[in-house]
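Values reported hereafter were calculated over all heavy atoms of this structure, with side chains retained and with hydrogens, waters and symmetry mates removed.
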Amino acid sequence: MRGSMRNPFRRAAASFVASATGMDPSAFAVTDPPGHAAGDWAVGLFPAAKAKGANPAALAAEAAAAFTPRDGLASAAAAGPFVNFTADRAALAAGVLRDVEAAGARWGGSDGGAGRTVVIDFSSPNIAKHLAFHHIRSTMIGNALARLHRACGWKVVGVNHLGDWGTTFGMLLVAWEEWAAPGEVPTVDRLNDLYVRFRAAAKADPALDARARARFAALEAGDPAARALWGEFRRVSLEEYRQVYDMLGVSFDLVMGESEFEEFLGPAVEMLRSKGLVTESDGAEVVDLSADGMPPCLLRKGDGATLYATRDIAAALWRYEHHAFDRALYVVDRGQALHFRQWRRVLERAGFPFAAAVEHVDFGQVRFGGFKTGTRTGNVIRLREVLEEAIAVARRKIEEKNPGLAAKDLVARQVGVGAVIFNDLSNQRRRDVDFDWDRMLSFEGDTGPYLQYAHARTASMLRRVPAGLPAGDPARLLLPEEAAVLRLLADFPDRVEKAAADAEPCLVTTFLLDLCAAFSRWYDLGNRDPALKVLCEDRETAAARVRLARAVRATLERGLFLVGMEAPEEM
RNA sequence: GUCCCCGUAGCUCAGUAGGAUAGAGCGGCUGGUUCCUAACCAGCAGGUCGCAGGUUCGACUCCUGCCGGGGAUACCA
């Protein structure tokens, strides 16, 4: 955790050490002592030792000796080169509860992004195909980043940039015209099959590819029949996707297809040409990037058709023109890293100041049975199928564990979908993921349902809070297990901010796991000793613990929301 | 060939400003439920942090090389 953090206790620790050594607080990292046995927070004196050429242990001893209680810190003790700080327990509880309660629904957020706009390109499937399981990656990472940025005060424009243009649609037109039954109404299922069938057929008969190119050319030229059919393909795809997005709880501010950028492609190429960036190579128009150690960026094929890079350049220009972003995130798998490096370099070379604000938020690929999944290889698991299976498993669990539950179907959806979402967001996004049904459908251990379960337990407990409890004095929260929970709660705003800044949702999911573990340990104390229950006999103590439980519940709900998960009250 | 990512416990992963005995979950073995929801908690076993050098007072973390896995590498996206 950095010195510029918002956690007031960490700040206090850093600023004390800074004042004791005459340095800037930002020079010091505030860490967690191993197992928190020696204190709540620790500061290593290494930076000061380096600056002064002194022994860090001596500096730590000196600083600890000079410590007087302040800002919620009760004591400081040197341990080798570290100073370990222990919170004043009552002040820790009072400070954290006050912050959580005062922030209300905005807890964890900030106004750090106020006045700034971020455009987030996510999900962005190619239409006329199923949403495959791997689409969950861009969709849920992007959705989490959108929510995280909003929580940090940014204006967010979430864009679903549909792949609805290109020679693929020439193939589909040919396939449909060739193989569809008279009067047949297209479905995504059917289109997906036709696409696969076409590719197989084209292997044997190259003439089909030529026809596909011709049909796409007709589509581009505005051929009414081609346009109408394409429009129908697009419509049924969007309807199918809408259902899956609804299941996932995902929405967009803008749904735009590549087709809509058609008119900007020519001008974009001309603009680059006017800047002297376009050269001809083997009949194609390219931006030479050999000086940057990269292959050329192709703008136009030999036959004059534009490419992916052309469209992304035009789209970036459009987005800056219409949304004047301060940050633009492209949540796209790592396989396209070179494309995005080239694209960004072209924007830089063209002299656009916003080129520095665009980021490829890359993520690892999904593999199944050792192979990359994808429509082209036929190694496809449908996202919808995974979600439905998870919901079914959740439904069975509910029947087994909580048969009296009222809204079984609703909760089964929340939990099943939550399990799948959490599974995707629980690791660093850059890691490749192996699709594994057992892990996906596991509801125990470090899983989404574990988080939701902890939330449901707090909610359930809070429903039983007796009337007329006193206000709740934080000074009653003196158990070490309570301190552990409070320490974590105090870190929540920093984690949210860092997750947005690093575009890394797993900073929130791993935080939530830590919080749940700390909460569960605290809660479990009541199984051994009724006096350690939240709702214990002593009304003063119960009142204080209820406040802490409410803070935990609020943080779990908020954290789950930020990563795109539901927080059921019962399960 | 070149470039990028990864390599931490049997499995899946945290550990990311270089700092105190490397932490979880799963799986295995032991315990805990007259219950604020056990979808939980506690304990035990399990590690040459891929290998070899280097920088440093100090390296899982930074640098170099090697090995292993994955990806990318101009007219697909």
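Considering only the side chain of A:Pro33, B:rA20 comes nearest among B:rA20, B:rA42, B:rC3.
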Nucleotides 6-15 of chain B: which of its N/O atoms have a protein N/O under 3.5 Å away?
{"unit_1": "B:rC13", "atom_1": "O3'", "unit_2": "A:Asn427", "atom_2": "ND2", "d": "3.3"}
{"unit_1": "B:rC13", "atom_1": "O2'", "unit_2": "A:Asn427", "atom_2": "ND2", "d": "3.0"}
{"unit_1": "B:rA14", "atom_1": "OP1", "unit_2": "A:Gln428", "atom_2": "N", "d": "3.0"}
{"unit_1": "B:rA14", "atom_1": "OP2", "unit_2": "A:Arg431", "atom_2": "NH1", "d": "2.6"}
{"unit_1": "B:rG15", "atom_1": "OP2", "unit_2": "A:Gln428", "atom_2": "NE2", "d": "2.5"}

Give me, pair by pair, the N or O atoms of the protein and of nucleotides 23-27 of chain B that are less than 3.5 Å apart, along with how far apart they are.
{"unit_1": "B:rG25", "atom_1": "O4'", "unit_2": "A:Asp446", "atom_2": "OD2", "d": "3.1"}
{"unit_1": "B:rG25", "atom_1": "O2'", "unit_2": "A:Asp446", "atom_2": "N", "d": "3.1"}

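Contacts of residues 523-540 of chain A with RNA chain B (heavy atom under 4.0 Å): A:Tyr523, A:Asp524, A:Gly526, A:Arg528, A:Lys533, A:Val534, A:Leu535. Taking a 4.0 Å limit (strictly below) on heavy-atom distances, residues 279-286 of chain A reaches RNA chain B at A:Ser281, A:Asp282, A:Ala284, A:Val286.
In the model, A:His134 has no side-chain atom that pairs as donor or acceptor with a side-chain atom of A:Asp333 under 3.5 Å. Under 3.5 Å, the side chains of A:Gln336 and A:Tyr330 contain no donor-acceptor pair of N or O atoms.
Looking at A:Asp538 and A:Arg476, a side-chain N of the basic residue comes within less than 4.0 Å of a carboxylate O on the acidic one, giving a salt bridge. Salt-bridge formation is detected for the pair A:Arg545/A:Glu482: a Lys NZ or Arg NE/NH1/NH2 atom is positioned less than 4.0 Å from an Asp or Glu carboxylate oxygen.
The ring pair (Phe, Tyr, Trp, His ring centres under 6.0 Å) test applied to A:His455 returns no partner, not counting sequence neighbours. Listed by chain and number, the residues in a ring pair (Phe, Tyr, Trp, His ring centres under 6.0 Å) with A:Tyr450 amount to none (sequence neighbours excluded).
When the P atom is compared between B:rU61 and B:rA9, the two are found 15 Å apart, to the nearest whole Å.
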